[in-house]
Visitor: 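Below: one structure in structure tokens.
The chains referred to below are lettered A, B, ... by the order of the sequence lines, with proteins before strands, and numbering in each begins at 1. Values below: all heavy atoms of this structure, side chains included; hydrogens, waters and symmetry mates excluded. None of the values given here were measured: they were computed from a predicted structure.
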Amino acid sequence: MPGAARRESARENEMSEQQTTETGAETYDVQAVQDKWLPVWDQLQPFRADDDSPREKKYALTMFPYPSGDLHMGHAEVFAIHDVIARYWWFRGFEVLNPMGWDSFGLPAENAAIRNDEHPATYTYANIETQLHSMQRYATSFDWSRRLHTSDPEYYRWTQWLFLKIRERGLAYRKNSPVNWCPQDQTVLANEQVLADGTCERCGAEVTKRELTQWYFKTTDYAQELYDGLDALQDTWIGKVVNAQRNWIGRSEGAHVDFVLDGRDEPVTVYTTRPDTLHGATFMVVAADAGLAAEVVTDEQRPAYEAYVEEIRKASDIDRLATDRPKTGVFLGVHATNPVNGERIPVWAADYVLADYGTGAIMAVPAHDQRDLDFARKFDLPVRMVVDTGEEDPASSYVATTGDGTYVNSGALDGIADKATGIRTTIEQLQAAGTGEGTVNFRLRDWLLSRQRYWGCPIPIIHCEACGEVPVPEDQLPVELPELRGADLKPKGTSPLGAATEWVEVDCPSCGGPARRDTDTMDTFVDSSWYFFRYLSPHDDTQAFDTALANAWGPVDLYIGGDEHAVLHLLYARFFTKVLRDIGLIDWDEPFSAYLSQGKVINNGRKMSKSLGNGISLGDQLDEFGVDAVRLTLVFASPPEDNIDWADVSPAGSLRFLQRAWRLANDVTSEPGADVTTGDRALRQLTHRTVHEAEVLVESYRFNVVIARVMELVNATRKAIDSGCGPADPAVREAAEAVAIVLSLVAPYTAEEMWERLGHRPTVARADWPVVDPALLVEDSVTAIVQIQGKVKARLEVSPDITEADLEALALADPGVVAAIDGRPVRKVVVRAPKLVNVVV
RNA sequence: GCCCCCGUAUCCCAAUCGGCAGAGGAAGCCGCCUUAAAAGCGGCGUGGUGUGGGUUCGAGUCCCACCGGGGGCACCA
């Protein structure tokens with residue numbers, strides 16, 4: 001048992017730390033320092049945000065956790081990173097809103113309740129208390145007065161209210177459609193919750209399809225704005241997240257083209273990104289599972305069509321998602337007319353055309369689209385090249401050509417050699433003829449939010465046979481969950497709420513007749529799409545949040561979280577924000593001005609997992625090395641967005657450093673307030689440079705480098721004490737105080753202890769950030785390098801404000817340089833005073 | 001297949017505007033301390049920046065191609 005062995009050795013360390021060394025020097029007792037300061041901070045409450053403060057406001061936000069068990073290494077990392085920023089903002093004079101809460105609805109609690117025959121709240125709230133305790137011990141700077149839980153009726157009352165507001169705007173609707181169904185969890189999943197291999201992201205079961213009537217939010221109404229908004233976030237959000245959102249929204253430009261179908265009044269509209277290849281359309285394909293196919297199929301072909309639909313229904317999602325599987329399809333017996341050349345082309349149904357993308361129908365141009373070409377080969381349909389790219393004719397090569405080329409067989413386009421012109425010309429033609437138009441299409445679908453589970457926010461709708469969907473009146477909110485527990489919650493394909501008869505059966509609020517409550521609950525992503533508004537006034541029982549407060553504090557200045565939410569949660573929160581703006585509740589457009597994602601904590605190159613037996617227990621690490629050393633290790637290991645391999649880092653080394661820093665405070669012998677201007681200049685310069693760099697580095701999230709700089713200062717101060725200006729020099733005090741203050745961003749216990757030993761009152765967290773003296777940032781002299789052909793040949797100590805002419809003269813007079821030039825004619829001299837001279841010969 | 005990001009020492013990682021490749025840590029090695037070991041303290045930097053081109057007085061940094069790794073999207077028309 002390595003864990004037990006580690007705890008054993010930790011206990012031995014503690015015992016030895018309580019003794020003093022033979023020289024009488026005290027040793028740093030990690031646990032005692034932690035026990036000492038936690039209650040002091042608890043009393044001082046240094047991080048409570050005041051809404052009425054005259055200071056400039058900052059909103060620091062970290063994704064709130066789901067309460068499953070205790071905190072783990074991943075939480076420890078994100079809280080450590082987040083705390084650097086939050087504490088830094090306080091130091092720099094901002095009033096900082098730094099709240100924390102729990103995303104406390106969700107499946108694990110429900111599963112635990114079934115397993116243990118209890119209520120999901122039991123598991124949920126017990127874990128919240130455990131995590132709260134751990135977060136406090138971890139010395140996070142959260143303002144606990146703003147704590148919230150999304151599973152509290154006081155919270156979900158307003159989730160329901162927002163749902164009704166969104167519905168009033170026509171942005172929530174029900175529709176019957178095939179949806180992703182997880183047979184394991186017995187619930188519907190959003191597209192986002194189905195992995196690329198067709199399995200459930202939560203339980204790994206193979207996802208199937210079901211026809212159900214479900215609630216949706218119209219995220220597609222905001223597709224363009226959600227896409228365009230990313231431009232403004234390009235520089236302040238971590239790049240990969242912006243890229244992931246762009247890919248997810250999937251904007252494409254193309255055209256709608258109308259094809260008249262034999263015997264049908266309404267033309268069929270197809271979506272294409274290549275309207276310029278319209279002359280090469282040799283057949284049309286409609287999605288086999290769309291209503292259109294069933295409608296237009298001829299009686300003669302209907303049996304074949306129905307057999308085909310039956311066949312593809314049986315295919316699993318995994319089969320469907322394999323990109324290299326052979327094309328299948330069936331002829332529908334009808335023909336369509338190509339609007340640009342009047343040609344009649346056959347209409348087929350196939351499953352490679354998706355019902356819910358574009359119009360669910362395509363024009364097939366086999367010469368210039370590989371999928372269409374594969375289909376054409378399979379069913380022996382004609383292939384007509386209309387863009388001559390110089391490559392072999394796709395009709396014989398079986399390789400579709402997609403590049404630029406010269407148009408052929410394309411009427412008015414013939415001879416044009418530019419794709420953009422071809423597309424534009426065709427769209428103009430179509431528009432003039434009234435048979436098509438340029439359009440923009442998105443991959444993004446509407447957000448399916450119904451879940452057939454218990455432990456979530458009830459949907460505040462009553463279904464009445466006479467009145468239809470009736471919203472629960474606002475004064476009757478919240479619609480609280482009925483008391484269900486244990487076996488009542490077992491998945492059975494319909495929502496467990498349906499079994500709570502007394503709860504379900506209600507009088508219609510509109511007509512008073514018998515009616516039934518909606519028995520689904522909302523996707524928990526709804527809860528987390530607006531929690532950052534609720535933090536502004538979490539106890540307000542008159543409104544979801546206060547508009548004035550939202551406009552004062554918002555948007556969030558920096559949001560930190562995991563990559564796993566790069567698309568879903570962040571996109572939904574952006575959607576909610578835009579809707580709330582349109583409702584008139586806020587006056588800004590984007591919820592998170594900056595976004596930083598933290599990497600994962602892994603071990604030995606692999607994700608930590610029970611099955612691999614490579615898990616690292618946060619609790620064990622904290623017991624062995626202390627909170628500060630673990631926090632320091634996590635922040636120092638790498639830039640925040642990189643993964644941290646616990647096998648590559650050294651919490652023992654972190655602890656060693658903290659002890660060295662702590663010892664500085666003990667060694668300082670000058671009094672607080674000593675006149676620093678008389679202190680050792682070299683050390684003072686380093687101190688001021690370190691503080692200045694810390695500012696720049698924190699603001700650019702390079703926290704690992706901040707720590708390296710503090711380590712440098714600690715090393716230099718140690719040297720100054722032992723073999724330099726000595727412990728009484730005020731510069732040593734200045735350095736040690738700067739170390740304590742900067743270090744408090746990441747190691748609050750050690751910093752607090754140092755601060756006290758330096759003769760100050762707690763808390764260092766609210767001490768004055770050192771004022772950087774610009775005069776001390778200027779070097780007394782700098783080393784100028786002299787290069788010949790870019791190779792360093794000499795170094796010169798010069799004044800930092802030397803002129804270019806003086807530096808050049810000095811360089812060319814240097815004996816080493818003269819020797820290196822060796823009499824060759826100087827062709828050019830590049831001077832960058834005061835650092836460099838490059839002589840070209 | 002399309003789109004993003006990253007390759008620096010044994011390892012984790014630094015390197016404002018293109019300007020001396022090395023700040024910090026880990027490991028290792030050498031000392032000091034110790035009866036000894038561990039811990040502690042002090043010291044030592046070993047590669048020329050994945051590869052090949054290009055631009056430039058000068059490239060880790062900019063451009064192109066390729067290789068390797070990671071991520072997003074994907075029968076999305």
Side-chain angles (χ1 to χ4, degrees), chain A residues 13 16 21-23 25 27 196 238-250 252 254 270-274 277 285 287 320-325 327 350-354 356-365 368-372 374-375 402 441-445 563 566-567 599 632-633 636-639 641-645 647-654 656-657 659-660 693 696-697 700 702 704-715 718-719 722-723 783-795 827-832 835-841:
Chain A
N13 286 344
S16 68
T21 61
E22 285 176 18
T23 57
T27 55
I238 188 160
K240 62 180 168 183
V241 171
V242 174
N243 182 250
Q245 293 226 350
R246 282 221 175 86
N247 287 339
W248 187 261
I249 296 168
S252 71
V270 304
Y271 174 71
T272 176
T273 55
R274 291 296 303 274
T277 62
V285 187
R320 283 174 144 262
L321 287 161
T323 51
D324 55 350
R325 67 192 254 274
K327 294 282 177 289
D351 68 350
Y352 84 92
V353 171
L354 308 177
D356 56 356
Y357 181 79
T359 60
I362 64 158
M363 63 178 207
V365 184
H368 307 296
D369 183 293
Q370 192 62 46
R371 296 157 301 185
D372 297 343
D374 293 343
F375 193 85
T402 55
N441 199 53
F442 295 92
R443 205 196 67 90
L444 184 73
R445 312 294 210 271
D563 291 340
V567 175
L632 183 77
T633 303
F636 181 51
S638 67
E641 65 274 19
D642 287 6
N643 287 345
I644 296 171
D645 193 328
D648 291 336
V649 297
S650 171
S654 298
R656 210 147 53 218
F657 163 71
Q659 288 167 336
R660 281 165 57 77
E693 281 200 64
V696 173
L697 292 165
S700 50
R702 288 182 290 168
N704 53 327
V705 189
V706 176
I707 292 171
R709 293 288 171 265
V710 177
M711 286 173 168
E712 242 178 309
L713 182 57
V714 168
N715 292 343
R718 182 79 259 154
K719 273 211 175 89
D722 292 345
S723 56
T783 306
I785 55 162
V786 185
Q787 301 175 329
I788 312 289
Q789 315 292 65
K791 298 273 187 284
V792 179
K793 295 294 179 186
R795 291 180 168 79
R827 291 197 306 168
K828 187 175 175 183
V829 181
V830 180
V831 185
R832 292 284 179 274
K835 293 177 70 179
L836 171 131
V837 178
N838 189 18
V839 182
V840 187
V841 294

Visitor: So which nucleotide from B:A77, B:U16, B:C73 ends up closest to the side chain of A:R702?
Guide: B:U16
Visitor: Under 4.0 angstrom, heavy atoms only, what part of the nucleic acid is A:A708 near: base, sugar-phosphate, or nothing?
Guide: base
Visitor: What's the separation between atom CG in A:D356 and atom CZ in A:R443, rounded to the nearest 0.5 Å?
Guide: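 Here the interatomic distance stands at 10.0 Å.
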Visitor: When rounded to the nearest Å, what value does the distance between C1' atoms of B:U46 and B:A9 take?
Guide: 7 Å
Visitor: Just call it for A:R709: base, sugar-phosphate, or nothing, with non-hydrogen atoms closer than 4.0 Å on any strand.
Guide: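 Touches a base.
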Visitor: Indicate for each nucleotide in nucleotides 55-64 of chain B, in 5' to 3' sequence, whether protein heavy atoms under 4.0 Å reach the base (B), only the sugar-phosphate (S), or nothing (-).
Guide: --BS------
Visitor: When rounded to the nearest 0.5 angstrom, what is the spacing between CD1 in A:I238 and CG in A:D563?
Guide: 7.0 Å
Visitor: Can you tell me how far P in B:A23 sits from the matching atom in B:C44, rounded to whole Å?
Guide: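 Each nucleotide's P atom is 11 Å from the other's.
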Visitor: Answer yes when A:R274 and A:D369 have at least one side-chain N-carboxylate O distance shorter than 4.0 Å, and no when they do not.
Guide: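 No.
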Visitor: Using whole Å, what does the distance between atom C1' of nucleotide B:C11 and atom CD1 of A:I644 come to?
Guide: 15 Å
Visitor: Provide the distance between the two C1' atoms, one in B:C6 and one in B:G60, to the nearest whole Å.
Guide: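 The answer is 13 Å between these two C1' atoms.
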Visitor: Measure CG/A:N715 against P/B:G25 and give the value in whole Å, please.
Guide: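 Going from CG in A:N715 over to P in B:G25 covers 6 Å.
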Visitor: Could you tell me the Watson-Crick or G-U partner of B:C32, where both distances fall under 3.5 Å? Say none if there is no partner.
Guide: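 When the pairing criteria are applied, B:G40 turns out to be the nucleotide that pairs with B:C32.
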Visitor: Need the pair for B:C2. Rule: Watson-Crick or G-U wobble, both distances under 3.5 Å, any strand; none if unpaired.
Guide: B:G72
Visitor: With a non-hydrogen cut-off below 4.0 angstrom, is A:D642 in contact with a base, only sugar-phosphate, or nothing?
Guide: sugar-phosphate
Visitor: Go through the side-chain N and O atoms of A:N715 and A:R660 and say whether any donor and acceptor fall under 3.5 Å apart.
Guide: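 Yes, side-chain donor-acceptor contact under 3.5 Å.
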Visitor: When you check the glycosidic angle of B:C44, does it come out syn, meaning within 90° of 0, or anti?
Guide: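 B:C44: anti.
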Visitor: Report the glycosidic orientation of B:G71: syn if within 90° of 0, anti in every other case.
Guide: anti
Visitor: So if I take every side-chain heavy atom of A:N247 and compare against B:C11, B:C73, B:A14, which nucleotide ends up nearest?
Guide: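 The closest nucleotide is B:C73.
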Visitor: Does A:K327 make a side-chain donor-acceptor contact with the base of B:C75, cut-off 3.5 Å?
Guide: yes
Visitor: Check whether any side-chain N or O of A:K719 sits under 4.0 Å from OP1 or OP2 of B:G43, and answer yes or no.
Guide: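 True: A:K719 side-chain N/O within range (under 4.0 Å) of B:G43 OP1/OP2.
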Visitor: Between A:R660 and B:G40, is there a side-chain N or O to OP1/OP2 distance below 4.0 Å?
Guide: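 Checking A:R660 against B:G40: no side-chain N or O falls below 4.0 Å of OP1 or OP2.
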Visitor: Measure from the side-chain heavy atoms of A:E712 and tell me the nearest of B:G24, B:C20, B:A77.
Guide: B:G24
Visitor: Check whether A:Y352 forms a cation-pi arrangement with A:K327 (NZ or CZ under 6.0 Å from the six-membered ring centre, at most 45° off the ring normal).
Guide: yes
Visitor: Hunt down the Watson-Crick or G-U wobble partner of B:A26, both distances under 3.5 Å, from any strand shown, or write none.
Guide: B:U10
Visitor: If the condition is ring-ring contact (aromatic ring centres under 6.0 Å, His included), which residues does A:F442 pass it with, not counting sequence neighbours?
Guide: none
Visitor: Is the phosphate of B:C5, meaning OP1 or OP2, less than 4.0 Å from a side-chain N or O of A:N243?
Guide: no
Visitor: Pick the P atom in B:A59 and in B:A77, then give their distance to the nearest Å.
Guide: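 So the two P atoms sit 43 Å from each other.
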Visitor: Of all the nucleotides listed (B:A14, B:C20, B:A26), which has the minimum atom distance to the side chain of A:S650?
Guide: B:A26
Visitor: Let's test this: given Watson-Crick or G-U wobble pairing with both distances under 3.5 Å, identify the partner of B:G47.
Guide: none
Visitor: Between A:Q370 (CD) and B:C2 (P), how many Å, whole number?
Guide: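 Going from A:Q370 (CD) to B:C2 (P), I get 13 Å.
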Visitor: Over how many whole Å does the gap from A:D374 atom CG to B:C75 atom C1' extend?
Guide: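 Whole-Å distance recorded here is 9 Å.
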Visitor: Could you state the atom-to-atom distance from CZ of A:R445 to P of B:C73 in whole Å?
Guide: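 Rounded to the whole Å, the gap is 13 Å.
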Visitor: If I pick the C1' atom on B:C13 and the same atom on B:C2, what distance separates them, to the nearest angstrom?
Guide: 32 Å
Visitor: Once rounded to the nearest 0.5 Å, what's the spacing between atom NZ of A:K240 and atom CG of A:N247?
Guide: 14.0 Å
Visitor: Got a donor-acceptor contact below 3.5 angstrom from the A:D372 side chain to the A:V365 backbone?
Guide: yes
Visitor: Could you say whether A:K240 or A:R718 is positioned toward the 5' end of RNA chain B, judged by the nucleotide with the nearest heavy atom to each?
Guide: A:K240
Visitor: Rounded to the nearest 0.5 Å, how far does OG1 of A:T272 lie from CE of A:M363?
Guide: 4.0 Å
Visitor: Look up atom CZ in A:R709 and atom CG in A:N704, then write down how far apart they are to the nearest 0.5 Å.
Guide: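 So the CZ of A:R709 and the CG of A:N704 are separated by 10.0 Å.
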Visitor: Applying a 4.0 Å non-hydrogen cut-off, can you work out what A:V270 is touching in the nucleic acid: base, sugar-phosphate, or nothing?
Guide: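 A:V270: no heavy atom of the nucleic acid under 4.0 Å.
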Visitor: Expressed in whole Å, how much space separates the P atoms belonging to B:A38 and B:A27?
Guide: 13 Å
Visitor: Determine: side-chain N/O of A:S252 to OP1/OP2 of B:A77, distance under 4.0 Å, yes or no.
Guide: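 For B:A77, OP1/OP2 do have a side-chain N/O of A:S252 under 4.0 Å.
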Visitor: Give me the distance, rounded to whole Å, that separates B:G58 from B:C17 when you measure between the C1' atoms they each carry.
Guide: 14 Å
Visitor: Rounded to whole angstroms, how far apart are CG on A:L697 and P on B:A23?
Guide: 16 Å
Visitor: Both distances under 3.5 Å, Watson-Crick or G-U wobble: report the partner of B:G58, or none.
Guide: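 Base-paired to nothing in any strand shown.
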Visitor: B:A77, B:C11, B:G24: which one has an atom nearest the side-chain heavy atoms of A:D648?
Guide: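 Closest nucleotide among those given: B:C11.
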Visitor: Whole Å only: how far is the CD1 atom of A:I707 from the C1' atom of B:G24?
Guide: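 The distance from CD1 of A:I707 to C1' of B:G24 comes to 10 Å, rounded to the nearest Å.
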Visitor: Below 4.5 Å, heavy atoms only, C-beta onward: do A:Q789 and A:V840 meet side chain to side chain?
Guide: yes
Visitor: Using a cut-off of less than 4.0 Å, is there contact between a side-chain N or O of A:R246 and OP1 or OP2 of B:G72?
Guide: no
Visitor: If you measure from the C1' atom in B:A65 to the same atom in B:C20, how many Å do you get, rounded?
Guide: 31 Å
Visitor: Which comes earlier along RNA chain B counting from the 5' end, the contact point of A:M711 or that of A:Y352, where each point is its nearest nucleotide?
Guide: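 It is A:M711 whose nearest nucleotide is closer to the 5' end.
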Visitor: For A:I785 and B:G18, give me the distance from atom CD1 to atom C1', rounded to whole Å.
Guide: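 Rounded to whole Å, this separation is 12 Å.
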